[in-house]
2 protein chains.
Amino acid sequence: MARLPTIDDVARAAKVSRQTVSNVLNTPAIVKPSTRKRVEVAIRKLAYRPHASARRLRMRKSSTIAIRLDPMTNGISGALLDRFLHALTEQADARGIRILLFTAADPAAEIEQIRKLRAGADVDAFVLTATFHGDPRTEWLVENDVPFVTFGRPWGANDMNDPSHLWVDVDGFAGMREATIHLIDEGSSRIGFIGWPSLSGTGDDRRRGWQTAVKERLAFGDDDLAALDLSVEDRLEDARDAVVALLPSDERIDGLVCASDTLALGAMIAAASVGRSDLPIIGFDNSPVGQAIGLSSVDQTLDEVAAGALELLLGETGGDLVHRDAAAGNTRHRLITPHLVSRQPLRLLAPDAVSTPTATKNAVGNHRNGKE
Amino acid sequence: MARLPTIDDVARAAKVSRQTVSNVLNTPAIVKPSTRKRVEVAIRKLAYRPHASARRLRMRKSSTIAIRLDPMTNGISGALLDRFLHALTEQADARGIRILLFTAADPAAEIEQIRKLRAGADVDAFVLTATFHGDPRTEWLVENDVPFVTFGRPWGANDMNDPSHLWVDVDGFAGMREATIHLIDEGSSRIGFIGWPSLSGTGDDRRRGWQTAVKERLAFGDDDLAALDLSVEDRLEDARDAVVALLPSDERIDGLVCASDTLALGAMIAAASVGRSDLPIIGFDNSPVGQAIGLSSVDQTLDEVAAGALELLLGETGGDLVHRDAAAGNTRHRLITPHLVSRQPLRLLAPDAVSTPTATKNAVGNHRNGKE
DNA sequence: TTCAAAAGTTTGATCGTTCAAATCTTGAGT
DNA sequence: ACTCAAGATTTGAACGATCAAACTTTTGAA
């Protein structure tokens, strides 16, 4: 294949100068219609495309946003970030923005990667996921004036309204509250909550949604709240074992809401194994697993999350980066309200080996075990 | 933030010329050790990073590989490409290569995107997924001399060894054969196959794996093969309904192998609903769903697939593109052998509503329905 | 000591684009 | 016809790196 055509080739073909071609491409309004048409024909004929690297070198921007992709896919709900990535790519594409992926083992390595990408003018801005309290990454980014937006609130109290920190998040409180109220409307009157240990801001937010609903609508007291509030790690087996212990202790429980689909699935299995396979259970994330198994779940509308993230970074419509100070007056964050997707569940019957969870998996094959 | 340091800043600080700094970075061997050290110190002190766009403009390469990311996540097995993407990103990162995402609604749009990315010198090479027979994309890429590798064989007979088409694929035949033989070793003697209609090369490949195993080890005749070979679309409901019909028709069936986890999950539900929840079933893909539900499955070792793809594009170790003709003598493709991951399954009990599949889902919520 | 070859370093040109300033063209008002 | 401003187009410089060739220094053998 011959050398790709440059702007000069087009200029020659249309008998105009470089700059006029450039103007046709970037500011068509200032070019006389007749010449513009001539140039456009030449562009089409030569199938000319601007050389992105050259443009970047001159303009000092790349129309590219980077996001870290973790090596490991952590089970059921792990696909959430993948779904976000799909939505983000799609939305970005519509704005002429592209998504670059990178990996990093830890926050320090991620910062180094960011520095490299940034210095190379490869990337205009960054999308951070899985932020945590006192995250060193956001601190560094603010300090070095690197544009970014996070999927996830900064949970530190004063950070929440820090104008230099743009963020989008899903309103776990509202989602969990809607789920709980839905169960109440369907007739449940004693609803338990399966969540994570009280370290994660996200988990506590969802827990408060349940608390608020049962206090308002079922007049739960503190005793009830404590008795029906379970905290386990986000593992199917842990949720299962916890719920197996919970249900016989309180026969009146007639509903469960869970902080994730993983927990919900564990709860479903537990309920079935103690003869309560009719127990209504609602999860969170609307994962593919949940969809397949007929689990009702709170759906994080990731399209809206992705759109919000790009809006904060790039403004309402364009593809150009808005400097964060220039966005004065606009909100610096978006809180997306998720919505319940209700399904008729499959009923599960647990395996015989509920009591020996570690034995439920074993790899076979001559080369390597399956990783999760 | 002040202007980022350039190579000239470093040169000045180290009292050498541009080019020497460049040499320290790219061909350190030809620089005298004493000066090299001086330059390295200056680089560290200024925290200098080469400007990627400038380098690309000069070198005409980008160290970036692009891959299309589909907007939709099609259910259970759809996550396969996501898992591949994770593996690819990780492996690429180790070689100093980055992954750029783009979207396209159809093959024609994808070709246009590729043309744009290519012309902009944004991307050195492309990874194509979900190739099909007579794929216009591969044709165009070969014709325009654009480097690429596909995840998926070209199923056209002569294309398979076309030296200009690099490909990596998973050996579905071997995987399905292993799965079938595993069931036989565990005591099954009449094993059915649930696959896709005979259009997809992938599906037929897996079917042949089952056929070969049961012919060799169970001495199946053509009648048996036909009676135990089901073809349905890759939907849980379809598989369920088909298996519900199959099992009562032949009481001796004591095992099923399926072309995907989606089908396998449908089969599990069907088996449970006709009182055969003990029926051994093996899926394909080792999806997160399957992992959660304890489904035995054939795992596509995507690490190896990703590594293979990069090896074909870039050679054994480096980050530099190998021109496909320069790779003469080496193989132009990789066929990865997948391996069975055996698990103890949860037993499922189907819902009452098996007979009315369309009613198993309904969205609730005041704003919008959950999309899939 | 001399000189050519090898090793090390510097200079000028170049990649393809956009910006800033300069130049040329058009048109209205007098 | 003349002037001046606004409109349209062109030219030179810059972005930050690498390549190729020129130049300078060191090395080793006669």
Side-chain angles (χ1 to χ4, degrees), chain A residues 2-40 42-43 46-64 116-122 124 319-320, chain B residues 2-40 42-43 46-64 116-124 320:
Chain A
R3 186 179 60 81
L4 292 167
T6 76
I7 201 169
D8 279 307
D9 296 324
V10 176
R12 218 164 2 247
K15 299 200 195 306
V16 294
S17 71
R18 281 197 315 279
Q19 186 59 38
T20 300
V21 178
S22 175
N23 287 337
V24 169
L25 254 34
N26 300 312
T27 50
I30 71 163
V31 179
K32 187 156 78 171
S34 60
T35 37
R36 180 168 58 212
K37 231 150 258 165
R38 200 149 35 94
V39 171
E40 278 162 352
I43 287 176
L46 298 182
Y48 165 76
R49 301 263 162 230
H51 192 291
S53 290
R55 170 177 277 169
R56 284 209 271 270
L57 173 59
R58 195 63 180 76
M59 309 247 285
R60 302 163 152 280
K61 62 159 238 181
S62 63
S63 297
T64 301
K116 215 183 297 180
L117 290 169
R118 176 91 177 131
D122 265 323
D124 289 338
D320 284 331
Chain B
R3 189 178 58 82
L4 292 167
T6 75
I7 201 169
D8 279 306
D9 296 324
V10 176
R12 218 162 5 245
K15 299 198 194 307
V16 294
S17 70
R18 286 196 310 282
Q19 186 59 39
T20 301
V21 178
S22 174
N23 287 338
V24 168
L25 254 35
N26 301 310
T27 47
I30 70 162
V31 179
K32 187 156 78 169
S34 60
T35 37
R36 180 169 56 210
K37 230 151 260 167
R38 202 148 35 93
V39 171
E40 279 163 351
I43 287 176
L46 298 182
Y48 165 77
R49 303 258 163 234
H51 191 291
S53 290
R55 170 177 277 168
R56 286 210 271 269
L57 174 58
R58 195 61 177 80
M59 309 248 285
R60 303 163 149 280
K61 62 161 240 185
S62 64
S63 298
T64 301
K116 213 184 298 179
L117 290 170
R118 176 90 177 131
D122 265 323
V123 181
D124 288 338
D320 285 331

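Protein chains get the first letters and strands the later ones, always in sequence-line order, with residue 1 at the start of each.
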In a table with atom names and distances, give each donor-acceptor pair under 3.5 Å that connects a side chain of residues 20-34 of chain B to protein atoms at least two apart or in another chain.
from     : atom 1 : to       : atom 2 : distance (Å)
Thr20(B) : OG1    : Ser17(B) : OG     : 3.3
Ser22(B) : OG     : Asn26(B) : ND2    : 3.3
Asn23(B) : OD1    : Gln19(B) : NE2    : 3.1
Asn23(B) : ND2    : Gln19(B) : O      : 3.3
Asn26(B) : OD1    : Arg55(B) : NH2    : 3.3
Asn26(B) : ND2    : Ser22(B) : O      : 3.1

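- Heavy-atom contacts of chain A under 4.0 Å fall on DNA chain D between two terminal nucleotides, which in 5' to 3' order are dA8(D) to dG16(D).
- The shortest side-chain heavy-atom distance between His51(A) and Thr6(A) does not fall under the 4.5 Å cut-off.
- No donor-acceptor pair closer than 3.5 Å links the side chain of Thr64(B) to the backbone N or O of Val123(B).
- Scanning all heavy atoms of the two residues, the minimum distance from Arg56(B) to Arg56(A) falls at NH2-NH2, 3.1 Å.
- Between Ala42(B) and Ala13(B), the closest heavy-atom pair is CB-CB, 4.1 Å.
- Ser63(B) and Asp124(B) make their closest contact through N-OD2, 2.7 Å (heavy atoms, listed as atom of the first residue, atom of the second, distance).
- Taking 4.5 Å as the limit, every side-chain heavy atom of Val39(B) sits out of range of all side-chain heavy atoms of Arg36(B).
- Along DNA chain C, the nucleotide nearest Leu25(A) and the nucleotide nearest Thr35(B) are compared for position; the residue whose nucleotide lies closer to the 5' end is Thr35(B).
- Considering only heavy atoms from C-beta on, Arg49(A) stays 4.5 Å or farther from Leu4(A) through its side chain.
- Using a 4.0 Å cutoff on non-hydrogen atoms, the parts of residues 13-22 of chain A near DNA chain D are Val16(A), Ser17(A), Arg18(A), Gln19(A), Thr20(A), ordered by number.
- Taking five base pairs at each end of the helix from dT1(C)-dA30(D) to dT30(C)-dA1(D), the local helix axes there meet at an angle of 50°, rounded to 10°.
- Residues Arg38(A) and Lys15(A) are in side-chain contact: their nearest non-hydrogen atoms beyond the backbone lie under 4.5 Å apart.
- Mapping heavy-atom proximity under 4.0 Å, the span of DNA chain C touched by chain B runs 5' to 3' from dG8(C) to dG16(C).
- Both Pro33(B) and Leu57(B) lie near DNA chain C, and the one whose nearest nucleotide falls closer to the 5' end is Pro33(B).
- Applying the side-chain contact (heavy atoms from CB on, under 4.5 Å) test to Arg58(A) and every residue at least two apart in sequence or in another chain returns nothing.
- Scanning all heavy atoms of the two residues, the minimum distance from Arg18(A) to Ile7(A) falls at O-CD1, 3.8 Å.
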